[in-house]
Amino acid sequence: SSFFVVRQEGPAGMRVVLQRVTSASVTVDGQLVSSIGPGILALLGISHDDTNVDRDWMANKMLRCRMWPDLKNPEKAWASSVTDNAMEVLVVS
């Protein structure tokens, strides 16, 4: 699998580690909380200084990050996003 790190500029900027997954889930005390099929697992780090503008920037960046081959030309790597491929996102903070 592939990992990507995205961070907001600034001293305490929001950060996220993205991992391409075929499936992912979160379990708490033996109970399934959430699960997805193919898409992105996002491990998100936020602070009290992050704003709604930071949140929107990061969400947009995650959805537009090109992590898969082109839909029409599979030989062209790193050309399409989770949104282009109608995949799912699981965010863990």
Side-chain angles (χ1 to χ4, degrees):
S1 53
S2 301
F3 289 92
F4 298 85
V5 177
V6 180
R7 72 181 202 86
Q8 182 77 350
E9 294 300 320
M14 186 181 295
R15 287 169 174 75
V16 67
V17 175
L18 303 176
Q19 181 180 11
R20 292 188 325 182
V21 297
T22 54
S23 65
S25 63
V26 174
T27 304
V28 177
D29 293 330
Q31 298 293 317
L32 180 65
V33 175
S34 186
S35 65
I36 63 168
I40 294 175
L41 170 63
L43 304 174
L44 179 65
I46 58 175
S47 78
H48 63 280
D49 294 328
D50 292 322
T51 66
N52 288 342
V53 171
D54 297 327
R55 177 204 61 208
D56 293 346
W57 181 90
M58 186 62 75
N60 211 4
K61 190 76 167 175
M62 287 188 317
L63 294 175
R64 291 183 296 117
C65 189
R66 296 177 182 186
M67 300 170 64
W68 286 272
D70 185 77
L71 297 173
K72 295 178 182 165
N73 181 5
E75 293 181 16
K76 184 177 178 186
W78 313 111
S80 66
S81 69
V82 69
T83 305
D84 296 333
N85 290 286
M87 294 178 172
E88 298 175 285
V89 178
L90 177 60
V91 179
V92 178
S93 175

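These figures come from a predicted structure and were not determined experimentally.
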- Message: For Leu43, run the side-chain contact (heavy atoms from CB on, under 4.5 Å) check against Val92, Val91, Leu90 and tell me which one passes.
- Response: Val92
- Message: I'd like to know if Leu32 and Val89 are part of one continuous hydrophobic network [Ile/Leu/Val/Met/Phe/Trp/Tyr, side-chain heavy atoms within less than 4.5 Å].
- Response: no
- Message: Closer than 3.5 angstrom, by distance alone: can the side chain of Thr51 be matched with the main-chain N or O of Asp54 as a donor-acceptor pair?
- Response: yes
- Task: Would you name the heavy atoms of Gly39 and Met87 that are closest together and state the gap between them?
- Result: CA-CB, 3.7 Å
- Between CG of Asp56 and CG of Asn52, what distance do you get to the nearest 0.5 Å? 6.5 Å
- Stepwise side chain to side chain contact (heavy atoms under 4.5 Å, CB included) test for Trp68 and Asp84: CA-CA 9 Å; Trp68 286 272; Asp84 296 333; over 6 Å; no
- Note on the structure: In short, Met14 meets Asp50 closest at the heavy-atom pair N-OD1, 3.4 Å
- Message: Once rounded to the nearest 0.5 Å, what's the spacing between atom CD1 of Ile46 and atom CZ of Arg15?
- Response: 13.0 Å
- Message: Give me the atom names and distance for the closest heavy-atom approach of Leu63 to Thr83.
- Response: O-OG1, 3.2 Å
- Query: Applying the 4.5 Å side-chain criterion to the ILVMFWY set and letting contacts propagate, would Leu71 and Ile40 be lumped into a single cluster?
  - Reply: no
- Message: To check you understand the geometry: which heavy-atom pair defines the closest contact between Met58 and Leu44, and what is its length?
- Response: CG-CD1, 4.3 Å
- Item | Spacing of OG belonging to Ser23 relative to CD belonging to Glu88, to within rounding of 0.5 Å | 10.0 Å
- Message: Please give me the minimum heavy-atom distance between Trp78 and Met67, naming the atom from each residue.
- Response: CZ3-O, 3.2 Å
- Any luck finding a side-chain donor-acceptor pair between Ser80 and Asp70 under 3.5 Å? no
- For residues Pro69 and Pro74, report the shortest heavy-atom separation together with the two atoms involved. CB-O, 3.5 Å
- Answer yes or no: is there a donor N or O on one side and an acceptor on the other, between the side chain of Gln19 and the main chain of Leu41, under 3.5 Å? no
- Does the side chain of Val21 come within less than 4.5 Å of Pro38's, by heavy atoms? no
- Taking atom CZ of Arg66 and atom OG of Ser81, what is their separation to the nearest 0.5 Å? 8.0 Å
